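In what follows, a structure is listed as structure tokens, so that the remarks can point back to it.
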Amino acid sequence: KDIDISAIYFCFIRNKLKIIFLSFLVASLGAIYSLIIPRTWEGSFEIVMRDSNDSPKNINISESNALSLLLDNNIGSDSTELQILQSPLVLTPVYDYYQFLKKSKDPSIKSISYEREFKSRLAINQVKTSKVLKIKFQEVDKDIILKVLNKLSRVYQDYSNEGRTRILDNSIDFINSQLSVSKDIRDKKINDLQEFTINNSLGTLDGFILDNETTEIKRPKRYESQFQRLSDLESEIVRIKSIYKKDSLLLKRLEREKKAFEKSLRRPSQIINQYRNKLIEVKRQEKIYQNLTDQLFALKFERARINEPWQLISNPKISNIPVSPYRKRIVFLSLIGGFLFNYLLFYFKDIKSNILYVKNQYINYIPYPLLKTISLDRNRWKNSIDILFDATKSKKDQIIFLNLINESSFLYKDFLDFVIKNYNSKIFSVEEINVLNNHENIILLTASGVIKKSKLDLILEEFKLLDINIIGFVYIDRYINFKL
């Protein structure tokens with residue numbers, strides 16, 4: 001069924017004093033409740049979350065990709081760090097301390113839930129575009145708030161140094177393992193080069209001397225004379241060509257000798273290339289080993305150095321304004337809730353009562369036209385009734401009113417007395433309906449809240465059985481001055 005807006009509106013108009021009184025009563029109870037429940041206070045402090053890699057950042061790791069990867073994996077992002085700081089791994093000591101404080105204050109407390117009674121009171125947030133953490137804690141006891149926040153600040157500062165130490169220890173362990181591997185590879189390469197040098201009679205009488213001061217690769221001394229003789233032959237051939245003809249015997253002899261030297265030096269060239277590659281590899285392994293040694297020294301030095309923990313930029317403090325209860329909000333919500341509840345209570349009471357309260361309900365329910373709506377204002381009565389007679393084209397003594405209004409209703413009694421006193425029209429009650437079947441121009445008198453639907457059904461059914469001629473109905477509206 002369609003919702004009757006006028007019924008909703010006039011339900012409030014009709015019961016407004018009761019609804020307003022009960023709403024303020026509920027609001028008063030809400031105000032008393034807000035004064036009774038204990039206040040919850042909030043304390044906070046701020047701490048700078050330094051990067052975990054601040055300490056080892058001056059270490060040269062450009063030559064060791066593995067070390068760089070190790071440090072990067074230990075650093076982590078700010079969001080990961082924040083999750084760790086909110087985890088039981090870090091917060092358990094603070095939770096245990098909070099539980100101890102609560103039990104000290106109230107021995108009846110047996111246990112405190114970590115998630116529901118501790119974690120829910122704690123808020124850890126990172127200030128946007130910064131590495132500042134803002135930590136908040138809520139409790140009814142101000143003393144407990146300060147003690148918990150101080151404990152939490154110490155735990156975070158200890159955690160910051162533990163994280164730095166853990167990264168450095170992992171790095172030192174890794175460098176030690178790589179240093180052992182690098183030393184084995186370097187020694188193997190040196191021994192291989194030494195053996196190759198001795199087998200091919202390269203270098204000095206000692207076999208091989210590694211020149212640590214230069215990266216230049218020199219030709220082995222064993223083949224110095226052969227290469228020098230080849231160079232001399234090439235110079236001599238150039239000189240002879242400028243003097244003799246191409247088919248001279250001397251020139252041909254020198255070219256044959258040059259080819260013989262080149263053939264004899266072909267294998268030494270392969271040996272020299274192998275020697276050069278082995279020497280380059282030895283120098284590379286030596287450089288890696290030296291690099292790892294320097295990094296290990298730097299990490300051990302950094303490990304021994306005293307490091308400052310995360311810095312507090314504001315000491316734990318308690319706000320002067322409690323975070324709960326929100327007394328104004330409680331009173332406001334109590335007022336709104338009380339109003340809605342009481343209004344709906346009266347509205348559904350109207351529906352259950354089955355009484356017709358507004359004009360639209362009569363129009364929809366009575367199968368006769370509405371002839372006139374009359375106000376309870378006495379000054380308008382005469383004019384309204386005269387208009388009614390003119391509209392029905394009837395004389396005053398020809399109209400009969402059938403009163404559906406309860407005679408005990410004092411709101412409409414004056415109007416009924418006025419009609420009887422000033423007009424010759426007769427007013428019959430519902431009980432006298434059986435004497436109306438021989439009359440015409442019968443008008444029903446109705447008003448707000450005077451009859452139930454069930455009773456009106458019986459009356460309308462009786463009209464049909466007695467074949468009573470009803471020309472319409474008049475509605476006396478006590479809410480005519482209230483516009484929807």
Side-chain angles (χ1 to χ4, degrees), residues 29-50 52 74 76-127 131-167 169 309-331 333-334 337:
L29 295 175
I32 294 173
Y33 170 75
S34 68
L35 293 173
I36 292 176
I37 59 176
R39 291 184 170 187
T40 299
W41 303 90
E42 181 179 83
S44 63
F45 71 89
E46 292 180 339
I47 189 170
V48 178
M49 184 174 60
R50 190 185 63 249
S52 301
N74 277 279
S77 63
D78 288 346
S79 59
T80 302
E81 192 79 46
L82 188 60
Q83 291 299 317
I84 295 174
L85 294 175
Q86 294 176 336
S87 69
L89 175 68
V90 179
L91 294 179
T92 296
V94 185
Y95 163 67
D96 292 338
Y97 182 63
Y98 173 67
Q99 193 166 218
F100 166 76
L101 292 175
K102 292 293 287 184
K103 289 181 179 180
S104 299
K105 294 275 185 177
D106 186 0
S108 64
I109 297 176
K110 294 182 179 180
S111 63
I112 294 176
S113 170
Y114 176 83
E115 290 290 341
R116 184 167 51 84
E117 298 180 80
F118 171 71
K119 186 75 178 295
S120 62
R121 299 176 179 272
L122 184 64
I124 304 171
N125 297 306
Q126 184 175 0
V127 180
K131 291 191 174 296
V132 175
L133 288 181
K134 189 173 183 65
I135 293 93
K136 300 177 182 178
F137 188 72
Q138 297 179 359
E139 236 286 336
V140 296
D141 193 319
K142 293 183 178 181
D143 183 53
I144 290 180
I145 292 177
L146 288 177
K147 289 180 178 179
V148 168
L149 290 179
N150 284 321
K151 175 70 173 178
L152 187 57
S153 66
R154 291 193 297 270
V155 167
Y156 278 173
Q157 288 177 320
D158 292 341
Y159 166 80
S160 65
N161 273 332
E162 287 177 3
R164 167 186 173 273
T165 303
R166 184 172 60 255
I167 291 176
D169 286 342
W310 289 357
Q311 182 182 0
L312 285 175
I313 59 175
S314 69
N315 292 321
K317 60 182 180 181
I318 298 177
S319 173
N320 294 326
I321 301 175
V323 294
S324 67
Y326 299 102
R327 290 177 175 173
K328 292 182 179 179
R329 182 185 298 178
I330 290 175
V331 173
L333 292 177
S334 298

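For clarity, every value in this text was computed on a predicted model and none was experimentally measured. Note that these values count all heavy atoms, side chains included, but never hydrogens, waters or copies made by symmetry.
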Legend entry - Closest contact, heavy atoms only, Val140 versus Trp41: O-CD1, 3.7 Å
Inset, instruction - Return each pair, listed once, that meets side chain to side chain donor-acceptor pair (under 3.5 Å) where at least one residue sits in residues 316-330; pairs must be two or more places apart or across chains. - result: Thr40-Ser324
Legend entry - CD1-OG distance between Ile145 and Ser44, expressed to the nearest 0.5 angstrom: 10.0 Å
Inset, instruction - Locate the shortest heavy-atom distance separating Arg121 from Glu139; write the atom from each residue and the value. - result: NH1-CA, 3.8 Å
Please set out all donor-acceptor pairs under 3.5 angstrom arising from side-chain atoms of residues 31-39, sequence neighbours excluded.
from: Ser34; atom 1: OG; to: Ala31; atom 2: O; distance (Å): 2.7

Legend entry - Main-chain N/O of Leu146 paired to Asn150 side chain as donor or acceptor, under 3.5 Å: yes
Inset, instruction - For residues Met49 and Leu85, determine if any side-chain heavy atom of one lies less than 4.5 Å from a side-chain heavy atom of the other. - result: yes
Inset, instruction - Under the side-chain contact (heavy atoms from CB on, under 4.5 Å) rule, what do Phe45 and Ile135 come out as? Steps first, then yes or no, please. - result: CA-CA 6 Å; Phe45 71 89; Ile135 293 93; 3.8 Å; yes
Legend entry - Considering all heavy atoms, the nearest Gly43-Leu149 contact: C-CD1, 3.4 Å
Inset, instruction - List the atom of Tyr159, the atom of Val90, and the distance in Å for their closest heavy-atom pair. - result: CD1-CG2, 4.2 Å
Inset, instruction - Identify, with sequence neighbours excluded, every residue that meets salt bridge (Lys or Arg N to Asp or Glu O under 4.0 Å) alongside Glu42. - result: none
Legend entry - Any residue meeting salt bridge (Lys or Arg N to Asp or Glu O under 4.0 Å) with Asp143, in chain and number order, not counting sequence neighbours: Lys105, Lys147
Inset, instruction - Spell out, as yes or no, whether a donor-acceptor pair under 3.5 Å connects the side chain of Lys136 to the backbone of Ile124. - result: no
Legend entry - Backbone N/O of Ala123 and side chain of Lys134: donor-acceptor pair under 3.5 Å: no
Legend entry - side-chain contact (heavy atoms from CB on, under 4.5 Å) partner of Leu91, chosen from Val155, Leu122, Asp96: Leu122
Legend entry - Set of salt bridge (Lys or Arg N to Asp or Glu O under 4.0 Å) partners for Lys151, sequence neighbours left out: none
Legend entry - Closest heavy-atom pair and its distance - Ser87, Ile84: OG-O, 2.6 Å
Legend entry - Gln157 side chain reached by Ile47 side chain, heavy atoms, under 4.5 Å: yes
Inset, instruction - For the pair Gln99 (side chain) and Ile112 (backbone), establish whether a donor and an acceptor sit closer than 3.5 Å, ignoring hydrogens and angles. - result: yes
Inset, instruction - Report yes if some heavy atom in the side chain of Phe137 is under 4.5 Å from a heavy atom in the side chain of Leu152; otherwise report no. - result: no
Inset, instruction - With sequence neighbours left out, write down each residue that passes ring-ring contact (aromatic ring centres under 6.0 Å, His included) with Tyr114, or none if nothing qualifies. - result: Tyr95, Phe118
Inset, instruction - Would you name the heavy atoms of Lys103 and Ile109 that are closest together and state the gap between them? - result: CG-O, 3.6 Å
